[in-house]
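In listed order, ligands and their atoms are each counted from 1.
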Amino acid sequence: MKKIAVLGSTGSIGTQTLEVAEYNGDIEVCALAAGSNISLLEKQIRTFRPKLAAVWNEKKAKELKEKVKDLDVRIVSGMDGLLETAAMPDTEILVTAIVGMIGILPTIEAIKAGKDIALANKETLVTAGHIIMPLAREHGVSILPVDSEHSAIFQSLQGNRKKELEKILLTASGGPFRGKKREELVDIQVEDALKHPNWEMGRKITIDSSTMVNKGLEVIEAKWLFDVQVEKIQVVVQPQSIIHSMVEYTDGAVIAQLGTPDMKLPIQYALYYPERRYLPGDRLDFKTLAQITFEEPDMETFYGLKLAYEAGRKGGSLPTVFNAANEKAVALFLERKIQYLQIPEIIAACMEQHKNIESPTVEEILNTEKETYEFIKNRW
Ligand SMILES: NC(=O)C1=CN([C@@H]2O[C@H](COP(=O)(O)OP(=O)(O)OC[C@H]3O[C@@H](n4cnc5c(N)ncnc54)[C@H](OP(=O)(O)O)[C@@H]3O)[C@@H](O)[C@H]2O)C=CC1
Ligand SMILES: CC(=O)[C@@H](O)[C@H](O)COP(=O)(O)O
Ligand SMILES: [Mn+2]
């Protein structure tokens, strides 16, 4: 039995991880953590029988405790609960399917406890990649990408030498507003931005895809995962999301991973790496596949992507500002408190006023997050 714990088990990646676990039948789910969806978490506890479950919200944790008192499961809450879940004895892999940079501390805790990380939570790597990657090396643990593009890159790197890698071709769908200009995005409503053309995902990442900030986060995520400068990462718009990403080698050869848009593939690949297992689902049919097209990203309209390149190139605490400003701006947009076009405006303003810290500690990263939130609160 492979033993796993899942942070964010009630979300899009979390539920698909549990589907993969159930389907394979040889994965023991030792611990689960969620934010506030205790009705789904209760169902998951009854199905998978973990020994530990964490709920962020203390009141909800108490409610859940009452609901599952017939079972042998301990319910914990808050950051302590997340840390305990992350370091749960016996688990081999922690799946970080939680959203946002709240994932930093639990990920560090898990690495220190010797767990491999199946990493979906890109915000952690964007903000603390300079801490996470060396820490993982120090503790001999693997950081296995779950993000579809990074899994594709990882798969395309297998059997080849990293020193012969010329560049990474990171594909992007372009989101629901691909082809539009800035003036056409003035009246965009939450419902419009939540209509991703190819993927069903959580709300925050779906908004990020629509602004192409998701691609920006992924550029910085790739920088850390594959130890390359952002200048060597080229974003290519591939509107059908069939090519999940590619790598180009020094001899000009380009190797890609293709497939239908289904996150269960990268999740399963991360959980069983280097083994490939059967996975039910649609296959690409090259007899009927209409087209695979490519475009250049429009970094003037979707300038969040340009800002991400700047943050990734300069490094230090600037990627934290980029990420924290985006997290807050997206939350405000989802609450209908700001306009759609204010998302990149807020990120740009936050980055503009920030005095960069070269190699921030975890404490400095969390302070930078707080300061960025304060800056936004006083102006928007
Ligand atoms: N969805 C996808 O296809 C992809 C997602 N990713 C990345 O994976 C991560 C998760 O995304 P996604 O699954 O879409 O997000 P969702 O919004 O669907 O799920 C987020 C999960 O995190 C939990 N959560 C949120 N805050 C807390 C907290 N403070 N404490 C404990 N749990 C918390 C939520 O719990 P609850 O709902 O109970 O409040 C939920 O289980 C993100 O970083 C995203 O960028 C990457 C590639 C693809
Ligand atoms: C499924 C996945 O990995 C998402 O990050 C997806 O890539 C979003 O699509 P775009 O950001 O390319 O629109
Ligand atoms: Mn992705």
_Side chain, backbone, both or neither: the part of Ser36 lying under 4.0 Å from ligand 1 by heavy atom_ = both

_Test of understanding: given a 4.0 Å heavy-atom threshold, classify the contact between Leu82 and ligand 1 as side chain, backbone, both, or neither._
side chain

Using only N, O or S atoms, tell me which atom of [X] is closest to the Mn ion (ligand 3).
X      : result
Glu218 : OE2
Asp147 : OD1
Glu149 : OE1

_Need the ligand 1 atom indices (1-based, order shown) with element for anything under 4.0 Å from a heavy-atom of Ile13._
1 (N), 2 (C), 3 (O), 4 (C), 5 (C), 8 (O), 13 (O), 48 (C)

*Hey, which atoms in ligand 1 end up nearer than 4.0 Å to a heavy atom of Ile102?*
29 (N)

Nearest protein heavy atom to [atom], by residue and atom, and its distance?
atom                    : answer
atom 47 (C) of ligand 1 : Asp147 OD1, 3.2 Å
atom 4 (C) of ligand 2  : Met201 SD, 3.6 Å
atom 6 (C) of ligand 2  : Glu149 OE2, 3.6 Å
atom 11 (O) of ligand 2 : Asn214 ND2, 2.7 Å

*Counting heavy atoms only, which of Ile205, Thr10, Thr85 is nearest atom 34 (C) of ligand 1?*
Thr10

*So between Lys204, Glu123, Met263, Glu218, whose heavy atom ends up nearest atom 43 (O) of ligand 1?*
Glu123

*Establish, from distance only, whether the side-chain atoms of Asn326 and Glu123 form a donor-acceptor pair under 3.5 Å.*
no

*Return the orientation label for the Tyr340 and Phe177 ring planes: parallel under 30°, perpendicular over 60°, tilted otherwise.*
perpendicular

*Which atoms of ligand 2 have any heavy atom of Ala172 under 4.0 Å away?*
12 (O)

*Is Glu310 salt-bridged to Lys314, going by a charged N under 4.0 Å from an acidic O?*
yes

*Could an N or O of ligand 1 be found under 3.5 Å from any N or O of Arg203, whether backbone or side chain?*
no

*Counting only N and O atoms by type, is there a donor-acceptor contact under 3.5 Å from the side chain of His130 to the main-chain atoms of Thr361?*
no

